[in-house]
Amino acid sequence: QVQLVESGGGLVQAGGSLRLSCAASGSIFSINAMGWYRQAPGKQRELVAIIWSGGSTNYADSVKGRFTISRDNAKNTVYLQMNSLKPEDTAVYYCNALIRVGPPPRKTDDYWGQGTQVTVSS
């Protein structure tokens, strides 16, 4: 099967930076998209950023200009560079990937990481 393993969360002061990583492993034929979602206490999970196989990206308005998503296709890894962090960025961040698994029939499925806590202190 497929696993997504995240790393890089932690505690940082407002204005600081963190870099999240998420590596996909397993029976992967291709990855259509990889992205990051977050969920703050008492709130719904929301999309933060997504990067498609062709390299195009989308960001939530709240993080545009501060966060950058990138991808290393050779390593099946996605990164989220988070700069100018704010207390409202505090949440559990989840990696997500739309993966076509092998062998045939090579079904496409949605996979999630276990989540990593990001806490921004004021």
Side-chain angles (χ1 to χ4, degrees):
Q1 274 298 344
V2 173
Q3 277 192 323
L4 300 182
V5 179
E6 301 143 339
S7 60
L11 173 64
V12 65
Q13 287 189 332
S17 298
L18 283 174
R19 189 191 194 210
L20 304 183
S21 300
C22 171
S25 62
S27 184
I28 297 170
F29 179 74
S30 63
I31 301 179
N32 295 352
M34 298 187 82
W36 293 94
Y37 288 71
R38 68 186 180 187
Q39 188 166 18
K43 295 190 177 181
Q44 288 189 331
R45 189 174 297 189
E46 62 174 358
L47 174 67
V48 176
I50 188 169
I51 183 165
W52 300 90
S53 57
S56 60
T57 58
N58 294 96
Y59 294 91
D61 288 342
S62 59
V63 306
K64 282 180 182 176
R66 300 188 298 121
F67 290 10
T68 302
I69 190 169
S70 61
R71 182 172 163 176
D72 185 332
N73 290 329
K75 296 181 179 179
N76 290 333
T77 298
V78 64
Y79 306 96
L80 185 69
Q81 178 66 43
M82 304 185 292
N83 298 330
S84 303
L85 281 160
K86 304 175 181 180
E88 50 264 43
D89 294 317
T90 295
V92 177
Y93 283 70
Y94 295 91
C95 177
N96 173 264
L98 190 62
I99 297 175
R100 193 177 181 195
V101 298
R106 298 201 176 100
K107 180 183 176 184
T108 298
D109 262 330
D110 215 16
Y111 294 88
W112 291 91
Q114 78 283 1
T116 185
Q117 177 70 46
V118 171
T119 302
V120 184
S121 63
S122 56

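Residues take their numbers from the sequence shown, with the count starting at 1.
Side-chain atoms of Q39 and Y94, non-hydrogen and from C-beta on, do get closer than 4.5 Å to each other. Residues N32 and T108 have side chains in contact (heavy-atom distance under 4.5 Å, counting atoms from C-beta outward). When side chains are defined from C-beta on, M82 counts as touching Y93, because their heavy atoms get closer than 4.5 Å. Side-chain contact between S21 and K75: absent, with no pair of heavy atoms (C-beta onward) separated by less than 4.5 Å. Side-chain contact check for V118 versus T90: every heavy-atom pair is 4.5 Å or farther apart. Between P103 and S27 there is a side-chain heavy-atom pair separated by less than 4.5 Å. Counting only heavy atoms from C-beta outward, the side chains of V101 and I28 never approach each other to under 4.5 Å.
Using a 3.5 Å distance cut-off with no hydrogens or angles, the side chains of T77 and D72 do not pair a donor with an acceptor. Under 3.5 Å, the side chains of Q117 and T119 contain a donor-acceptor pair of N or O atoms. In summary, the side chains of Y37 and R45 do not present any donor paired with an acceptor at a separation below 3.5 Å, with no hydrogens or angles considered.
Scanning all heavy atoms of the two residues, the minimum distance from C95 to V78 falls at SG-CG1, 3.9 Å. Contact between S17 and N83 at its shortest, heavy atoms only, is OG-OD1, 2.9 Å. C22 and L4 make their closest contact through SG-CB, 3.9 Å (heavy atoms, listed as atom of the first residue, atom of the second, distance). Heavy-atom minimum distance, L47 versus W36: CD1-O, 3.6 Å. The shortest non-hydrogen separation linking S122 to A14 is CA-CB, 4.4 Å. A24 and I31 get closest at one heavy-atom pair: CB-CD1, 4.2 Å.
Every residue two or more places apart in sequence or in another chain was checked for a salt bridge (Lys or Arg N to Asp or Glu O under 4.0 Å) with K43, and none qualifies.
Proximity of a side-chain donor or acceptor of S53 to a complementary backbone N or O of A33 within less than 3.5 Å is not detected.
Separating the CD atom in E6 from the CG atom in N96 is a distance of 10.0 Å, to the nearest 0.5 Å. In this structure, CG on L85 lies 6.5 Å from CZ on R66, to the nearest 0.5 angstrom. Interatomic distance, R38 CZ to L20 CG, rounded to the nearest 0.5 Å: 11.0 Å. Atom CG of L80 sits about 12.0 Å away from atom CE of M34, to the nearest 0.5 Å.
By the 6.0 Å and 45° rule, R19 stacks over the aromatic ring of Y79.
Hydrophobic clustering (side-chain heavy atoms under 4.5 Å, transitive across Ile, Leu, Val, Met, Phe, Trp, Tyr) groups V92 together with W112.
Classification of K64 and D61 as a salt-bridged pair holds, one side-chain N sitting under 4.0 Å from a carboxylate O. Ion pairing of R100 with D109 is absent here, as no side-chain N (NZ or NE/NH1/NH2) approaches a carboxylate O to less than 4.0 Å.
The number of heavy atoms from other shown groups lying within 6.0 Å of CD (E88) is above 12.
When each of I69, I51, I50 is paired with N58, the side-chain contact (heavy atoms from CB on, under 4.5 Å) condition holds for I50 and for no other.
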